[in-house]
Amino acid sequence: MNQYEEAARYIGDRIGAPPETGLILGSGLNDLADEIIDPVILPYGEIPHFPRSTAPGHKGRLLLGKLEGKQVIVMQGRFHYYEGYPMETVVFPVRVMRQLGVKRLIVTNAAGGVNTSFVPGDLMVIEDHIKMGGGHPLIGPNDSSFGPRFPDMSRVYTPRLAELARTAAAELGEDVKRGVYAFMTGPSFETPAEIRMLRTLGADAVGMSTVPEVIAAGHCGLEVLGISCISNMAAGILEQPITEDEVIEAGRMVREKFAALLRRILAGLD
Ligand code: HPA
């Protein structure tokens, strides 16, 4: 058995029904998991081969159970490249989810607004991404039991799920943005020049997560929905410096509308 299978077996042995939808919740957006009724809770440290989470605002446990009638597996806290984990470790949970039978992944994050028409508190459905910086989760020998050596990424954000998210938002009377998420490794926030570069390249939001997991999910055939919470305007747009506290605080401010949107999306899944 490989490490993914061992972790999946450990989790599978502790749950009733296999999860169909995986959720990775970003900074300040963790609360939704607490709405699962009678969840099975597994701290990362208990699961064989699972890495641990060190980032602020991240709890570090898996919750499994039902939300809006759907079997879900929720990561409360994710692994970031900037924490020093190899990319392979960052995406480990995604592959474990796939081994557990998950069909689709919903990823969320806090992100800086690069598009100047955005304001903090906006939600953005990710339609595409730009991966900046070195490191790629699929570098190294390809495990063809997950997917091909050169996986296509032209529709990695499943259009049908993005559409479902926009419809769900409209039904709730929420205005959601759509756009391109740029991945920067961090942990420093970007410079104003970097943000001008990203805007020129077509990015609408910038962050330090999500893209590795999405690439791994696409590689192993999962459908993907990505949603960013714009926690701050990216560097150089406003006068004030960007702080970690404002990122976490923005997540807290939108948590209700964000949770309502995710619930509605889950309810609309087939
Ligand atoms: N830049 C990068 N990552 C982020 C930001 C930002 O401005 N805000 C939240 N995550």
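Indexing begins at 1, ligand by ligand and atom by atom, following the structure's order. These figures come from a predicted structure and were not determined experimentally.
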TODO: On the 0 to 90° scale, with breaks at 30° and 60°, tag the F146-Y4 ring pair as parallel, tilted or perpendicular.
DONE: perpendicular
Task: Ligand-residue contact atoms, ligand 1 with S231, heavy atoms, under 4.0 Å - done: 8 (N), 9 (C)
Open item on the list: Closer than 4.0 angstrom, basic N to acidic O: yes or no for E163 and R160?
Closed with: no
Open item on the list: Could you check whether K70 pairs with E20 (Lys NZ or Arg NE/NH1/NH2 to Asp/Glu carboxylate O, under 4.0 Å)?
Closed with: no
Open item on the list: Students should be able to answer this: which protein heavy-atom is nearest to atom 10 (N) of ligand 1, and at what distance?
Closed with: A110 O, 3.3 Å
Open item on the list: Please determine whether any non-hydrogen atom of M208 lies less than 4.0 Å from an atom of ligand 1.
Closed with: yes
Task: Closest approach of any protein heavy atom to atom 8 (N) of ligand 1, naming residue and atom - done: N232 OD1, 2.7 Å
Open item on the list: Pairing donors with acceptors under 3.5 angstrom, does anything connect the side chains of E127 and Y181?
Closed with: no
TODO: Distance to 0.1 Å, residue and atom name: give those for the protein heavy atom nearest to atom 3 (N) of ligand 1.
DONE: G207 CA, 3.3 Å
Task: Which segment of A235 sits under 4.0 Å of ligand 1 when only heavy atoms are counted - done: neither
Task: Nearest atoms (heavy-atom pairs only) where Q76 meets A33 - done: NE2-CB, 3.5 Å
Task: Option set M233, M184, E190, criterion heavy-atom distance to atom 1 (N) of ligand 1, minimum - done: E190
Task: Atom of I195, atom of A234 and distance for their closest heavy-atom approach - done: CD1-CB, 3.5 Å
Task: Heavy-atom nearest neighbour in the protein, as seen from atom 4 (C) of ligand 1, with distance rounded to 0.1 Å - done: V206 O, 3.7 Å
Task: Taking every non-hydrogen atom, the tightest pair across A235 and E190 - done: CB-O, 3.1 Å
Task: Under 3.5 Å: N/O of G112 near N/O of ligand 1 - done: yes
